[in-house]
Structures are given as C-alpha cells and as structure tokens.
Undergrad: 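Take this structure, written in structure tokens, and hold onto it; I'll ask about it next.
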Amino acid sequence: MTTAAIPVSPLANALPKALLLIALGGALTGFSPILARISDVGPLSTAAWRMAFAALALAPLLAVKSTAKTSLLSKWPLLLAGLFFAIDLGFYHWALQLTSVAHATLIVNMAPVVALAAGVLAFSERLGKLKLGGLIVSIAGALLMTTGRADVSGTLEGNTLAVAGMLGYAFYLIAVKRARGMHDTAVIMVWSSASAALLLFIGAALAGEIIMPQSAAAWGVVIAMGLITHVAGQGLVALGMRDAPVGLAAIVLFTQPVMAALAAWVVFGETMGVAELWGVALVLGGIALATRSRQ
C-alpha cells in the first residue's frame, strides 16, 4: 500500500529562490550610501543620476518585450513606484544633512513595519508567529547596529524627514508588488526609474544643487550607483517580489543595512564594536527566522 504524494504549490517551490534574489538585491543596494558619500554632486542630484542611468541601461530591453498591457491606465503602479522611490531617496539624503547617520538609517530601516502591515491589509497576507518574530529580532539588530554609531543627537527636523523617506520606501515596495501582477521586471524598472529621475532632477534644480559631476571619477560614481545599486540591486528585489509576500520581502531587505555597515567598515575604516556585531547577528537571525514562514 502506497501513500499518495502531497502536492507542493508552485509558490512554495518558488519562494526560496525569490527570497534569495531579494536578499542579494538588498545586499547590493547596501553599497548605495558608500557611493553617495564620495559623490561630488548634491544628494538629490546623486539620487537623480542613479535613477537616470538605471533607466537608460534598461530601456533597450523594452524593445523586445511584449506590447500587451501598454495602456496608460496599466502604468499607474509603475509611476507610483517611481514617485515613492523618489520620496525615499530624496528625503533620506536630505535627512542625512540634518541629523546623524545613525538616526536617519534606523528610521528608514523601519520600512518593513509599514510594508508588513500593508501586506496583511492590502494583499491578505498572514502575519504568522515566525514572520512577526523575525521582524522583531531584525529591528532589534538594526537598532544595535545604528545606535552604536550615534555620535551626535538627532534633530526633530532631520528625523521627521527620515520618517518621510521610510514611508516612501515602504510604499515603493507595495507599489512594486502590485506592479508585478501586471508587468515584468524590466518594464517596472524603466518606468519607475525614469519617473523618479525626473522628479529628483526637478528637486535638485529647485534646491540649487550642483547637478553635473565634475570629473571622470565622479561620473563613474553615479554610473555605478545606477548599475550596481539600482539595476542589479533593485532589479533583483523587483524580480523576487513576483513570488514573495511583500511583508516577508521587507524583512529580508534588512540585508541592506548589514551590507552598508560591513562596506563602511572595509572602505572607510568605520570599525564595528561588539554591540554592532551582535546587531548584525540579530538581523541575520531575524531574517532566517522570518524566511521559515511560507506565507
């Protein structure tokens, strides 16, 4: 007598790969603050060039994509993604001028809380004990990592701007999740990147920033931001979002602050103390716990 095999849903098979793509994408995106620090143009301009070069690099892919669903109405999630990502980058870079890096980074990395709530409310995702536990552990780790470097006090104005950036990133993830049901990754990346670049260039001009890089090396920095942190980093995130719940994806994206801290350690010699190393361990442990959830 044999026992019939229990069928495994396609989503269950695809989820581990999707989470791996998101983790790798988050890690590549973690190089963004390293490149932003050595850029010789203003913070909004740096973000704008990042999005512009990403759009230019991916635009040729649209020529070989299907022409289905090309109506303007079907593009609204893409435009929203661009708007929210512009809000994220613009307000985060602005906040860094007015508050400590530790405070701004901690606040922006609270985006998973909003995204997780949206996954439950907008996408009927289940919260689950593993997902909730992973979120709590990862947030605790991010808190240790960032407050361990706090050498100046945060300001109310700067922290408020960081909250706006956090909300922008959370809603960007939600918009990308919605768009993945209508468009493939290349279409999402080109439309969202181009619209975000336009908004950020306008913001940079209004702020009176230096917009044009002043040397070949400076051009290399903004090109690398476009290709490494956005085309590769956010592209992998968008690809993985097709099969991953938005709340779980948001938790896995805690790989971003971990990679940023490790890269700063290597590149700028920003040594990590015991508390910060424990923070890294907690973040990775929280991600591992959350990814055991299949919903």
Side-chain angles (χ1 to χ4, degrees), residues 10-11 14-15 17-26 28-29 32 47-48 50-91 111-112 114-125 165-200 226-227 229-253 256 295:
L11 179 60
L15 186 58
K17 179 181 178 181
L19 295 178
L20 177 60
L21 292 174
I22 292 169
L24 291 175
L28 289 174
T29 306
S32 175
R50 164 182 169 172
M51 305 307 285
F53 280 113
L56 289 173
L58 291 169
L61 295 178
L62 296 186
V64 297
K65 297 299 178 182
S66 169
T67 57
K69 299 179 181 176
T70 56
S71 68
L72 183 60
L73 184 61
S74 71
K75 298 295 191 299
W76 69 266
L78 311 180
L79 300 177
L80 279 179
L83 169 64
F84 290 134
F85 206 80
I87 291 173
D88 165 43
L89 291 180
F91 279 102
V114 178
L116 188 62
V120 175
L121 298 175
F123 299 101
S124 300
E125 296 174 2
M166 179 270 290
L167 292 173
Y169 191 53
F171 283 103
Y172 165 76
L173 295 175
I174 296 165
V176 168
K177 178 64 177 178
R178 178 67 69 184
R180 285 302 286 137
M182 305 166 65
H183 304 281
D184 60 26
T185 303
V187 174
I188 294 171
M189 295 295 294
V190 171
W191 277 79
S192 63
S193 298
S195 56
L198 176 61
L199 292 171
L200 288 163
L227 299 184
T229 68
H230 205 76
V231 173
Q234 291 297 334
L236 289 173
V237 172
L239 190 61
M241 290 287 283
R242 179 183 59 186
D243 298 313
V246 65
L248 185 55
I251 298 172
V252 174
L253 279 171
Q256 179 177 339
Q295 300 170 339

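Heavy-atom basis, side chains included; hydrogens, waters and symmetry copies ignored. Computed from a prediction, not measured in an experiment: that's the story for all the values here.
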Undergrad: Not counting sequence neighbours, which residues clear side chain to side chain contact (heavy atoms under 4.5 Å, CB included) with Ser32? List them please.
TA: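 Side chain to side chain contact (heavy atoms under 4.5 Å, CB included) check on Ser32 returns Arg50, Met225, Thr229.
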
Undergrad: Nearest 0.5 Å please: distance from the CD atom of Gln234 over to the CD1 atom of Ile22.
TA: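 That separation rounds to 10.5 Å.
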
Undergrad: Work out which heavy atom in Leu28 is nearest to a heavy atom in Ala232; give both atom names and the distance.
TA: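 Closest approach of Leu28 to Ala232: CD1-CB, 3.7 Å.
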
Undergrad: Under a 3.5 Å distance rule, please check whether Ser193 uses its side chain to pair with a backbone N or O of Val190 as donor and acceptor.
TA: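 The answer is no, because no donor-acceptor pair under 3.5 Å joins these two groups.
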
Undergrad: Measure centre to centre between the rings of Phe84 and Phe171, then say whether the value is under 6.0 Å.
TA: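 They qualify: ring centres under 6.0 Å apart.
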
Undergrad: Between CZ of Phe53 and NE2 of His230, what distance do you get to the nearest 0.5 Å?
TA: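 Taking CZ in Phe53 and NE2 in His230, the distance rounds to 14.0 Å.
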
Undergrad: If I compare all heavy atoms of Met189 with all of Gly235, which pair ends up nearest, and what's the gap?
TA: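 So the two residues come closest at CE-N, 3.6 Å.
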
Undergrad: Taking all non-hydrogen atoms of both residues, which atom of Ala18 and which atom of Asp243 are closest, and how far apart?
TA: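 Closest approach of Ala18 to Asp243: CB-CB, 3.9 Å.
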
Undergrad: Drop me the distance from Leu198's CG to Leu83's CG, to the nearest 0.5 angstrom.
TA: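 CG of Leu83 is found 11.5 Å from CG of Leu198.
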
Undergrad: So how far is it from Leu199 CG to Leu89 CG, rounded to the nearest 0.5 Å?
TA: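 Going from the CG atom of Leu199 to the CG atom of Leu89 covers 11.5 Å.
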
Undergrad: Does a side-chain heavy-atom distance below 4.5 Å link Leu253 with Val237?
TA: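 Yes, close enough: below the 4.5 Å cut-off.
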
Undergrad: Could you tell me which non-hydrogen atom of Ile87 sits nearest to which non-hydrogen atom of Gly168, and how far apart they are?
TA: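 For Ile87 and Gly168, the tightest heavy-atom pair comes out as CG2-CA, 4.0 Å.
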
Undergrad: Mind checking what makes side chain to side chain contact (heavy atoms under 4.5 Å, CB included) contact with Ala179, not counting sequence neighbours?
TA: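 By the side chain to side chain contact (heavy atoms under 4.5 Å, CB included) rule, Ala179 matches Pro77, Leu78, Ile188.
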
Undergrad: Find the distance between OG (Ser192) and OH (Tyr172) and round it off to the nearest 0.5 Å.
TA: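 It comes to 5.0 Å.
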
Undergrad: Considering non-hydrogen atoms only, spot the tightest contact between Ala57 and Val231 and give its length.
TA: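 Closest heavy-atom pair between Ala57 and Val231: CB-CG2, 4.2 Å.
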
Undergrad: So how far is it from Leu24 CG to Leu19 CG, rounded to the nearest 0.5 Å?
TA: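 Rounded to the nearest 0.5 Å, the CG-CG separation comes to 11.0 Å.
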
